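Just so we're clear, the structure is a prediction, and the values are computed from it rather than from any experiment. Computed over heavy atoms, backbone and side chain alike; hydrogens, waters and symmetry mates excluded.
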Amino acid sequence: MSRHHKVAIAGSGLAALATAARLHEEGVKDIAIYANGLGGTPYIAAINFVLPENPYGDTPEQYAKDMLAAGYNVGNKELVNEMAANTLRGYELLCRWGVEFAHNDDGSIKLRHVSGHTYPRSLCQTTNLIGVEIEKVMLKRLEEAGIEFHRHCVVIDLLKSADGKIDGFTVIENGGEPYNVYAPIVVASWGGVGNLLGTSTYPDDVKGNTLGMAKNAGANLVDIEFIEFEPMVMMSPAGAVGEPCPTAMLGEGGYLLNSDGERFLLEVRPQGEAGAPKSLINHEIWKQVAKGKGNPHGGIWVDLRHIDVKTLKAYPWFYNRLMQSGCDPKKELLEVGPMPHSFSGGIRVDRNYESDVPGLYAIGEACGGIHGACRCAGNAASQATMSGLLCAEGIMRTGELDREVSERPVTYHRDDSVRAKYLDELRKIAGHALGVYRNGTDLEAALKATHDILADPAVKNDDMTQQTALAVHLIAKAALNRKESRGTHNRTDYPDSNPEYEKEFVY
């Protein structure tokens, strides 16, 4: 069994949907999406766009400045500037495909002020997560437009032709036998690496081995040391653990408190908590915990008690889960702390979102270069939209949509005994060495441990284990090589930023 398409997309999150939508508008036929889930799309709470009617005087240029500043000047300026310049087009793309955003009582579009942004520019829904709206509306309309969706499919390897071009991938559908999907254009939209680190806010369908898969295919990787840690994830009570407290709550007037009841962030940010970069919040939380002023679970508290209940209820996914867990944010402080959340690195791409391997494009969290050392809140969704739009247009400019593709036998290795021996161990290695605070000793130990696993001849018998081990190895190497603290990468043995390291590292 095999399938052929003009464009095959691995993943079905927002970036994939945006790519398929724009390609369809450009007249491309035979587009197929293969995935085992929707990635982080159903959990999107905010998405940033600069709109002409923004009452704060916002501009795309300011948006780009905010992205580069939040990313500690590591992001690719060309990619950042182009993303910001196309922000209105990204918004219009979603609107054309039926996505609706919340409005104020006066009819103006509702804007929230979230972490890392100079101005309120974050669009949302107030009755549900905006990601749920995107999923519900766009999936239906894309299927009606003739886009093929192959669900319950796990992409397990990329196919490379004799002339060095990517021309498809291998999938397993519904746990059956693997088969090859062929296409002259392959788009990686498979998300980041969060589940490599154990407990995270990531959905289960994002495994993280795809980073190793891309490297095996010859793709260069960039900024992979930068894993985003959401700073305000619920740590108690049990029923709410893992639920992110939106950083937009700080824009609504929320406070961060230590065990002495001090608004500790004001010491380094006198203007207040609203809009504070996530990396700064994480760093200051760590300082409070190190001083013995943290909560019992290794974080701090957020105080929302003074915020109007109507405002709290405008975040229903968050408010309702707290209330269902017996936690009333109007009556008690909330215990929060950092948890792995998203990925700022990935496959290196050019302005067309094509990788260094012809035929392979990458979008959303599968690609690196946009966020740099830390992303602005809500920017994962914005980057997914704009990278999908720009990738589709890049394919139209440079893609070889009519390139002939030759079939060949499926090559896939699976050994459950190897998985049982190593996969849990690899996640423990990554969780320990690549957490929110890192040091050279742990990173060197992780590098050696993953090297030894990769050197075991038995690992060649299981592709998933080899890809996962390679992914952890590469991230540990990148984190060890960046001998400074910058953005989401915090080295306790190199606590300060170093101008020498204010650049991309390619692997």
Side-chain angles (χ1 to χ4, degrees), residues 7 9 12-28 31 33 41 44-64 66-67 79-104 106-112 114 117 119-126 128-147 187 189 351-353 361 363-364 367 370 376-397:
V7 179
I9 303 174
S12 61
L14 173 54
L17 303 182
T19 305
R22 189 71 187 104
L23 284 170
H24 177 78
E25 292 177 345
E26 291 283 351
V28 177
I31 304 164
I33 291 176
T41 295
I44 295 172
I47 183 167
N48 308 310
F49 296 114
V50 178
L51 307 183
E53 62 266 36
N54 187 295
Y56 303 97
D58 200 4
T59 64
E61 291 76 17
Q62 185 59 55
Y63 186 22
D66 286 352
M67 278 191 267
L79 295 179
V80 170
N81 287 331
E82 187 154 25
M83 174 180 156
N86 285 277
T87 175
L88 178 59
R89 296 181 64 231
Y91 167 75
E92 290 172 340
L93 175 71
L94 296 188
C95 291
R96 286 198 300 273
W97 287 82
V99 178
E100 296 182 356
F101 299 95
H103 287 73
N104 298 310
D106 64 2
S108 61
I109 198 156
K110 187 175 184 62
L111 299 173
R112 285 173 171 162
V114 296
H117 298 270
Y119 301 113
R121 60 170 71 103
S122 190
L123 282 62
C124 61
Q125 278 281 356
T126 55
N128 208 337
L129 287 160
I130 187 61
V132 174
E133 165 79 4
I134 291 168
E135 171 197 345
K136 177 179 68 175
V137 173
M138 291 194 71
L139 281 175
K140 180 175 184 292
R141 294 206 177 185
L142 285 166
E143 285 189 294
E144 291 172 348
I147 309 301
V187 182
S189 182
R351 64 182 298 269
N352 297 310
Y353 285 84
Y361 295 74
I363 53 177
C367 75
I370 297 287
C376 299
N379 250 24
S382 308
Q383 187 253 345
T385 303
M386 261 79 87
S387 66
L389 181 152
L390 294 169
C391 176
E393 294 176 349
I395 289 169
M396 298 306 297
R397 283 192 297 270

Rounded to the nearest 0.5 Å, what separation is found between the [atom1] atom of [X] and the [atom2] atom of [Y]?
{"X": "S122", "Y": "K110", "atom1": "OG", "atom2": "NZ", "answer": "11.0 Å"}
{"X": "Y91", "Y": "L389", "atom1": "OH", "atom2": "CG", "answer": "15.0 Å"}
{"X": "I31", "Y": "T19", "atom1": "CD1", "atom2": "OG1", "answer": "9.5 Å"}
{"X": "D66", "Y": "E61", "atom1": "CG", "atom2": "CD", "answer": "11.5 Å"}
{"X": "R121", "Y": "C376", "atom1": "CZ", "atom2": "SG", "answer": "7.5 Å"}
{"X": "I370", "Y": "I363", "atom1": "CD1", "atom2": "CD1", "answer": "12.0 Å"}

Heavy-atom pair with the smallest gap, counting every atom of [X] and [Y]:
{"X": "A20", "Y": "I33", "answer": "CB-CD1, 4.1 Å"}
{"X": "C124", "Y": "A45", "answer": "CB-O, 3.8 Å"}
{"X": "L93", "Y": "A21", "answer": "CD1-CB, 4.4 Å"}
{"X": "A84", "Y": "M67", "answer": "CB-CE, 3.9 Å"}
{"X": "A15", "Y": "S387", "answer": "CB-OG, 4.4 Å"}
{"X": "I109", "Y": "A102", "answer": "CG1-O, 3.5 Å"}

[Y] side chain reached by [X] side chain, heavy atoms, under 4.5 Å:
{"X": "I47", "Y": "L94", "result": "yes"}
{"X": "V7", "Y": "Y361", "result": "no"}
{"X": "W97", "Y": "R22", "result": "no"}
{"X": "M396", "Y": "V28", "result": "yes"}
{"X": "L79", "Y": "Q383", "result": "no"}
{"X": "E133", "Y": "F101", "result": "no"}
{"X": "L51", "Y": "L88", "result": "yes"}
{"X": "I130", "Y": "L123", "result": "no"}

Is a donor on one side and an acceptor on the other found under 3.5 Å between the side chain of [X] and the backbone of [Y]?
{"X": "N54", "Y": "P120", "value": "yes"}
{"X": "N48", "Y": "G378", "value": "yes"}
{"X": "H117", "Y": "A377", "value": "yes"}
{"X": "T41", "Y": "L14", "value": "yes"}
{"X": "D106", "Y": "S108", "value": "yes"}
{"X": "T87", "Y": "V50", "value": "yes"}

(request) Report the C-alpha separation of F49 and T385 in whole Å, then their side-chain angles, then the decisive distance to 0.1 Å, and conclude whether the side chain to side chain contact (heavy atoms under 4.5 Å, CB included) test is met. (result) CA-CA 10 Å; F49 296 114; T385 303; 4.3 Å; yes

(message) Under the side-chain contact (heavy atoms from CB on, under 4.5 Å) test against L17, which residue among R141, M138, E135 passes?
(response)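 Only match with L17 under side-chain contact (heavy atoms from CB on, under 4.5 Å): M138.
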
(message) I'd like to know whether CD of E100 has more than 12 heavy-atom contacts from other residues, nucleotides or ligands below 6.0 angstrom.
(response)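 No, not enclosed.
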
